[in-house]
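Worksheet for the structure shown next.
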Protein chains: 2
Amino acid sequence: MPISRSDPETAVAAAEADDAGRGYVLDEQIGFVLRRAYQRNSMIFAERVPGPLTPTQFSVMCRLDEAGPLSQNRLGRSVAMDAATTKGVVDRLIGRGLLATRRDPEDGRRHLVYLTAAGAELIDAARPAAAEVTEETLAPLTAPERRRLLHLLSKLA
Amino acid sequence: MPISRSDPETAVAAAEADDAGRGYVLDEQIGFVLRRAYQRNSMIFAERVPGPLTPTQFSVMCRLDEAGPLSQNRLGRSVAMDAATTKGVVDRLIGRGLLATRRDPEDGRRHLVYLTAAGAELIDAARPAAAEVTEETLAPLTAPERRRLLHLLSKLA
DNA sequence: TATTGTTATACTCTATAACTATA
DNA sequence: TATAGTTATAGAGTATAACAATA
């Protein structure tokens with residue numbers, strides 16, 4: 001802990017002012033801890049989820065399953081990926097026969113992305129596994145702690 | 001959006017087997033939220049930290065600054081990266097003249113990694129910026145919330 | 001034999017910029 | 001002009017596996 005936290009306001013002010021670097025401890029930084037937590041989650045994900053699907057691929061397919069066909073841009077935004085990233089992820093899934101696209105009759109610029117039968121089948125099998133990933137990731141926490149963590153993290157995103 | 005569950009037997013079995021997947025909402029999963037939070041942190045990092053250094057590169061240099069010269073493997077473990085990843089990160093930083101290595105006189109297998117003068121100078125400039133990144137990332141939270149979040153996240157890693 | 005480090009390979013994610021097609 | 005999508009390019013992080021050198 002860098003500085004005395006007896007007074008939160010003072011602590012924050014100090015962190016911004018002169019103390020911005022003094023007392024900086026890597027292991028206590030939000031970015032460092034976030035990376036490690038996400039890394040552990042990803043490892044558990046790779047162990048448990050069939051396909052194999054990466055977390056990002058799963059997100060895309062899960063979203064399509066929840067929301068139905070979406071244009072590539074909307075799909076990407078809904079899972080927080082930019083257009084180029086989305087295209088890469090979608091292309092790989094199309095190549096594996098899990099997704100397909102068709103032109104939007106309402107707007108010729110749009111390519112609606114949707115799950116193929118194989119994709120729908122896989123996501124049905126993957127979702128319970130993904131639920132287990134969540135469970136295992138959160139295993140060190142009690143139920144109230146889990147809710148609190150999710151709530152706090154949501155505020156950051 | 002599951003497949004049709006009209007078959008009664010299948011439906012019952014599915015009700016239990018699927019229980020982990022029913023009510024699964026992507027946006028509420030710890031992995032999804034972690035990825036978004038880390039992504040936002042990384043974006044802020046890229047905006048503010050000079051070098052430019054990525055969060056991972058910064059971690060490595062910051063650790064060396066805190067702990068002094070380390071063997072490549074120990075360095076990697078201390079920032080939660082495997083040997084191959086560590087090598088990639090270290091090589092890029094060596095290529096930029098920010099790190100250097102020398103053989104450990106005590107153990108010929110080891111390459112001690114250390115900050116060059118340029119590296120030490122850069123990390124001194126980057127640390128205050130990184131402190132600002134932490135501040136900006138956590139801006140939506142009060143001081144007690146920040147402590148709680150860090151504490152909960154630490155339990156996951 | 002165990003540890004440290006290297007190398008090769010592969011995949012994935014991310015972003016920027018320039019471009020085409022459509023509204 | 002604005003939006004949707006594509007393509008090219010570049011840089012990174014991650015992991016596995018096979019290998020060499022050293023202890």
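Keep in mind the model is a prediction, meaning the values are calculated, not measured. When reading the values below, keep in mind they use all heavy atoms of this one structure, side chains included, and skip hydrogens, waters and symmetry mates.
- Between Lys87(A) and dG5(D), a side-chain N or O to OP1/OP2 separation shorter than 4.0 Å is absent.
- Heavy atoms of other residues, nucleotides or ligands lying less than 6.0 angstrom from CZ of Arg74(B) number 12 at most.
- For the pair Phe58(B) CZ and dG13(D) P, the interatomic distance rounds to 14 Å; values are reported in whole Å.
- Using a 4.0 Å cut-off on heavy atoms, the residues of residues 33-42 of chain A that approach DNA chain D are Arg35(A), Gln39(A), listed by number.
- Closest of all the heavy-atom pairs between Tyr24(A) and Ala131(B) is CE1-N, 3.7 Å.
- The hydrophobic cluster around Leu112(A) extends to none of the other residues, as no ILVMFWY side-chain heavy atom falls under 4.5 Å of it.
- With sequence neighbours left out, Asp124(B) forms a side-chain contact (heavy atoms from CB on, under 4.5 Å) with Asp65(B), Arg127(B).
- Hydrophobic cluster of Tyr114(B): no remaining members, since no ILVMFWY side chain lies below 4.5 Å from it.
- Not a single side-chain hydrogen bond (donor to acceptor under 3.5 Å, both in side chains) links Thr101(B) to another residue, sequence neighbours left out.
- In terms of heavy atoms, Ala126(A) sits closest to Leu53(A) at CB-CD1, 4.2 Å.
- The residue among His111(B) and Arg103(A) whose nearest nucleotide of DNA chain C is located toward the 5' end is His111(B).
- Evaluation of atom-type donor-acceptor distances gives no pair under 3.5 Å for the side chain of Arg110(B) against the base of dT4(C).
- Remark: Val89(A), Arg92(A) in residues 89-100 of chain A come within less than 4.0 Å of DNA chain C through at least one heavy atom.
- Using a 4.0 Å cutoff on non-hydrogen atoms, the parts of residues 43-57 of chain A near DNA chain D are Met43(A), ordered by number.
- Note on Gly108(B): only backbone sugar-phosphate atoms sit closer than 4.0 angstrom, heavy atoms only; bases stay farther off.
- Under a 4.5 Å side-chain heavy-atom criterion applied to ILVMFWY residues, the cluster that includes Tyr38(B) comprises Ile30(A), Val33(A), Leu34(A), Tyr38(A), Leu138(A), Leu141(A), Leu149(A), Leu150(A), Leu152(A), Leu153(A), Leu156(A), Ile30(B), Val33(B), Leu34(B), Leu138(B), Leu141(B), Leu149(B), Leu150(B), Leu152(B), Leu153(B), Leu156(B) as well.
- For Ala125(A), there are no side-chain contact (heavy atoms from CB on, under 4.5 Å) partners two or more places apart in sequence or in a different chain.
- Legend: residues meeting ring pair (Phe, Tyr, Trp, His ring centres under 6.0 Å) with Phe45(B), ordered by chain and number and at least two apart, are Phe58(B).
- In this structure, Glu47(B) has no salt bridge (Lys or Arg N to Asp or Glu O under 4.0 Å) partners at least two apart in sequence or on a different chain.
- With Thr116(B) contributing its side chain and Gly97(B) its backbone, the two residues share a donor-acceptor pair below 3.5 Å.
- For Glu66(B), the CD atom sits in a packed shell: over 12 heavy atoms of surrounding residues, nucleotides or ligands are nearer than 6.0 Å.
- Taken residue by residue, residues 69-86 of chain B places heavy atoms nearer than 4.0 Å to DNA chain D at Met81(B), Asp82(B), Ala84(B), Thr85(B).
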